[in-house]
Amino acid sequence: MVIITDQVISAESLIKEVSCPSSGAVAAFVGIAREYSGGKRVIELEYEAYPEMALKKMEEIATEVRERFGVDKVAMAHRVGTLKIGEASIVIAISAPHRKEALAACQFAIDRVKEIVPIWKKELFEDGSRWVGWGS
Amino acid sequence: MKVRLRLFGAIKERMKMGEAELELPEGTQVAQLLNLLADQCPEAREFLPALAVSVNLEYASSHTSLKDGDEVGLIPPVSGGAKWSS
């Protein structure tokens, strides 16, 4: 299951989504809006997506993860719009028979999301803003 | 032929538009489209080399040829660093 939403996303609901009788483990990753970036205080974050392509890429990553790691279920939720500090921007939950596959798959999945999913983050400071990834 | 151009993030802000319909010669390649945009929008010129480009929701190379009805996305670097080959 992959979704993009402007609503608050929760690790708990994605963990429930992927839990199944054959899974002995669920690994979850939560990406959170953090207050300091490059030494400057962040007021809030804005996330923007190319929704059709982002969903397609997220589905591809879920398929890749299932094939590579032999896990049971994969769920990903990415939030768009304005986020306050402390709110979750992305949640990934992966279930598997054992913890080794679940944890490895989760690491792989978030790394892949950050490489290929067309979703962008803008940091708003007191004195301006910056699109992350640009010129860094 | 007509292609639909979609812009996002920093490039959308710089060019002040989210999408446009472009009339292009048959067989125009991605590289040629970017040159066209550089000519027409000098304010965006410095950003264009850093962009990835998608065609119909797939990452494309500079040599990808466009067809009538294609959707072309201008993809600024994503946070992990865009990895695509040209």
Asks: Counting only heavy atoms not in A:Lys40 (residues, nucleotides, ligands), do more than 12 fall under 6.0 Å from its NZ?
Replies: yes
Asks: Who else is in the cluster with A:Ile15 when I, L, V, M, F, W and Y are joined by side-chain contacts under 4.5 Å?
Replies: A:Val18, A:Val26
Asks: Pick one of side chain, backbone, both or neither for A:Ala49, based on which atoms fall under 4.5 Å of a heavy atom in chain B.
Replies: backbone
Asks: If Ile, Leu, Val, Met, Phe, Trp and Tyr residues are connected whenever their side-chain heavy atoms lie under 4.5 Å apart, and connections chain through other members, are A:Ile119 and A:Phe108 in the same group?
Replies: yes
Asks: Using non-hydrogen atoms only, which part of A:Glu48 is less than 4.5 Å away from chain B: side chain, backbone, both, or neither?
Replies: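 Contact with chain B: side chain only.
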Asks: Is the closest side-chain heavy-atom distance between B:Glu13 and A:Lys122 below 4.5 Å?
Replies: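 They are in contact (side-chain heavy atoms under 4.5 Å apart), so the answer is yes.
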Asks: Tell me which donor-acceptor pairs under 3.5 Å the side chains of residues 67-76 of chain B have, and how far apart each pair is, sequence neighbours excluded?
Replies:
residue, atom, partner, partner atom, Å
B:Lys67, NZ, B:Asp70, OD1, 3.1
B:Asp68, OD1, B:Lys2, N, 2.7
B:Asp70, OD1, B:Asn56, ND2, 2.8
B:Asp70, OD2, B:Lys67, N, 2.7
B:Glu71, OE1, B:Arg4, NH1, 3.0
B:Glu71, OE2, A:Tyr50, OH, 2.5
B:Glu71, OE2, B:Arg6, NH1, 3.2

Asks: Test of understanding: clusters of I, L, V, M, F, W, Y form through side-chain heavy atoms closer than 4.5 Å, transitively. Do A:Val91 and A:Leu103 belong to the same one?
Replies: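 No, A:Val91 does not connect to A:Leu103 through the hydrophobic network.
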Asks: Looking only at heavy atoms, what is the nearest atom pair of A:Met53 and B:Leu57, with distance?
Replies: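 Nearest pair, atom of A:Met53 first, then B:Leu57: CG-O, 3.5 Å.
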Asks: Hey, quick one: are A:Leu124 and A:Val132 part of the same hydrophobic cluster, counting side-chain heavy atoms closer than 4.5 Å, chains of contacts allowed?
Replies: no
Asks: Which atom pair, heavy atoms only, marks the closest approach of B:Pro77 to A:Gly133?
Replies: CB-O, 3.4 Å
Asks: Report the option among A:Lys57, A:Glu46, A:Arg112, A:Glu60 that has the most heavy-atom pairs separated by less than 4.5 Å from atoms of chain B.
Replies: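 That would be A:Lys57.
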Asks: Minimum heavy-atom separation for A:Val117 to B:Val78, with atom names?
Replies: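 The pair with the smallest heavy-atom distance is O-CG1, 3.4 Å.
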Asks: Using 0.5 Å steps for rounding, measure from the CH2 atom of A:Trp131 to the CZ atom of B:Phe47.
Replies: 11.5 Å
